[in-house]
Undergrad: 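Okay, handing you the structure first.
Chain letters run A, B, ... following the sequence lines, proteins first and then strands; every chain starts at 1.
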Amino acid sequence: AQRVTQPEKLLSVFKGAPVELKCNYSYSGSPELFWYVQYSRQRLQLLLRHISRESIKGFTADLNKGETSFHLKKPFAQEEDSAMYYCALSGKGFQKLVFGTGTRLLVSP
Amino acid sequence: DTGVSQDPRHKITKRGQNVTFRCDPISEHNRLYWYRQTLGQGPEFLTYFQNEAQLEKSRLLSDRFSAERPKGSFSTLEIQRTEQGDSAMYLCASSTTSGYNEQFFGPGTRLTVL
């Protein structure tokens with residue numbers, strides 16, 4: 001079975017501090033990993049996908065198959081980064097997304 | 001707005017009543033998904049369609065739940081004999097079959113069962 005674990009419900013940092021939101025997954029096949037973000041009163045939207053290895057809004061995430069992790073990082077947090085972040089897993093043979101429980105990021109001035 | 005749309009945005013009903021939600025995907029997307037999200041949880045998969053064919057249903061989807069996508073465009077999710085445990089946000093998403101599985105989400109329908 002596929003599973004995504006986000007161990008932190010809340011991460012609170014000051015503006016300018018580094019941020020790391022943790023995500024671990026369980027899947028025996030070849031995974032596709034995503035980070036989705038939900039800002040206040042907005043819909044869920046895709047932030048990053050591991051396959052494109054891009055940086056969006058200063059965020060990056062590297063897939064570590066050995067540690068089965070896909071942590072989301074940003075070197076300097078901004079107040080506008082405050083949101084709910086969900087890690088999600090898909091893979092060959094299944095089309096659904098399996099989500100973690102989410103981490104709320106709160107960036108204080 | 002060319003994104004995924006859902007209707008209604010909010011629904012309050014009494015236990016035992018039937019409710020139906022609608023989802024309109026992005027027009028060129030042939031895959032459509034339904035998820036349910038309760039407080040403090042991430043979205044949980046319910047079912048998905050490729051064109052008009054329903055290809056997968058979660059075990060979460062009891063017999064009281066039925067979804068259709070009759071012409072391969074919009075989809076409906078019906079819940080019969082609603083229970084208080086059905087109270088949740090129901091999310092719809094769509095994607096194409098090409099490339100990686102990037103899903104675009106609608107705003108959701110919040111269901112409250114009294």
Undergrad: Do other residues, nucleotides or ligands put more than 12 heavy atoms under 6.0 Å from B:Leu39 CG?
TA: no

Undergrad: Given that the side chain runs from C-beta out, which part of B:Glu56 has a heavy atom under 4.5 Å from chain A: side chain, backbone, both or neither?
TA: side chain

Undergrad: Could you give the distance from CG (A:Leu97) to OG (B:Ser95), rounded to the nearest 0.5 Å?
TA: 8.5 Å

Undergrad: Specify the closest pair of heavy atoms between A:Tyr86 and B:Gln41, including all atoms of both residues, with the distance to one decimal.
TA: OH-O, 3.9 Å

Undergrad: Would you confirm whether B:Tyr35, through its side chain, and A:Lys96, through its main-chain N or O, come within 3.5 Å as a donor-acceptor pair?
TA: no

Undergrad: Can you check whether B:Phe105 and A:Tyr36 have ring centres sitting under 6.0 Å from each other?
TA: yes

Undergrad: Below 4.5 Å, heavy atoms only, C-beta onward: do A:Gln95 and B:Tyr33 meet side chain to side chain?
TA: yes

Undergrad: Give a yes or no on whether A:Ile56 atom CD1 has more than 12 heavy-atom contacts from other residues, nucleotides or ligands under 6.0 Å away.
TA: yes

Undergrad: Hey, quick one: are B:Leu91 and A:Leu46 part of the same hydrophobic cluster, counting side-chain heavy atoms closer than 4.5 Å, chains of contacts allowed?
TA: yes

Undergrad: Donor-acceptor pair, distance only, cut-off 3.5 Å: does the side chain of A:Arg43 make one with the backbone of B:Phe104?
TA: no

Undergrad: Is the number of heavy atoms from other residues, nucleotides or ligands under 6.0 Å of A:Arg3 CZ greater than 12?
TA: no

Undergrad: In terms of heavy-atom proximity below 4.5 Å to chain A, should B:Gln50 be classed as side chain, backbone, both, or neither?
TA: neither

Undergrad: Does B:Glu52 have more than 12 heavy atoms from other residues, nucleotides or ligands lying within 6.0 Å of its CD?
TA: yes

Undergrad: Tell me whether A:Arg104 at atom CZ has more than 12 heavy atoms from other residues, nucleotides or ligands lying less than 6.0 Å away.
TA: no

Undergrad: Given the rule that I, L, V, M, F, W and Y join up when any side-chain heavy atoms are under 4.5 Å apart, are B:Phe45 and B:Met89 in one cluster?
TA: yes

Undergrad: Could you give the distance from CG (A:Leu44) to CD (B:Gln103), rounded to the nearest 0.5 Å?
TA: 10.0 Å

